[in-house]
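Inspection log for the structure reproduced underneath, given as structure tokens.
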Amino acid sequence: MPRKNSFQLKDGSLIDTVERPSRSQKKRDSLALQKIGCELASLSAAVTDLMPISDDLRRALADLRAMEGLDGSRRRQIQYIGRLMREEPDPDGIRECLDRLKQGLPLRP
């Protein structure tokens, strides 16, 4: 069971605060978004232009596509894309678009 943060008042009663995700859960979520970013990088620029992503993420994906053979640089760029994915307002919309592409459906209904 995840830990809860609680505070004890002077009268002895406890106040429970909202549960926060664990550090491990935050890392799993971050790696999942980074993986989605890698999937986006494997798509063509024409396809990613149809997706609901920010301009910063588009530029980062274009930079990653342009890198060849630079393992350290690619790794850092993928981490940067993961950070941009965490800042995206609608990562679920991006996941839905990728799922539609995998099923062979058009991006826009």
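Atom CG of L98 and atom NZ of K35 lie 11.0 Å apart (nearest 0.5 Å). The CZ atom of R83 sits 11.5 Å away from atom CD1 of I81, with the distance rounded to the nearest 0.5 Å. Atoms CD1 and CG, from I78 and L61 in turn, are 10.5 Å apart once rounded to the nearest 0.5 Å. Rounded to the nearest 0.5 Å, atoms OG (S30) and NZ (K27) are 8.5 Å apart. Expressed to the nearest 0.5 Å, how far OG of S73 lies from CG of D63 amounts to 11.0 Å. Within the model, atoms CG of L64 and CZ of R75 stand 13.0 Å from one another, a figure rounded to the nearest 0.5 Å.
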Could you tabulate the donor-acceptor pairs under 3.5 Å formed by side-chain atoms of residues 51-60, not counting sequence neighbours?
from : atom 1 : to  : atom 2 : distance (Å)
S54  : OG     : L57 : N      : 3.3
S54  : OG     : E88 : OE2    : 2.7
D56  : OD1    : R59 : NH1    : 2.9
R58  : NH1    : T48 : O      : 2.5
R58  : NH2    : M51 : O      : 3.2
R58  : NH2    : I53 : O      : 3.1

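Tracing side-chain contacts under 4.5 Å through hydrophobic residues (I, L, V, M, F, W, Y), one never reaches L105 starting from L101; they form parts of separate clusters.
Looking at heavy atoms from C-beta onward, I36 lies out of side-chain contact with P91 at the 4.5 angstrom threshold.
Judged by distance alone, with hydrogens and angles left aside, the side-chain atoms of R86 form no donor-acceptor pair with the main-chain N or O of L33 at under 3.5 Å.
Contact check on D29 versus K26 returns no salt bridge, with no Lys/Arg side-chain nitrogen under 4.0 Å from an Asp/Glu carboxylate oxygen.
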For Q25 and R28: C-alpha separation, side-chain torsions, deciding distance, then whether side-chain hydrogen bond (donor to acceptor under 3.5 Å, both in side chains) applies. CA-CA 5 Å; Q25 184 60 45; R28 283 190 293 270; 2.8 Å; yes
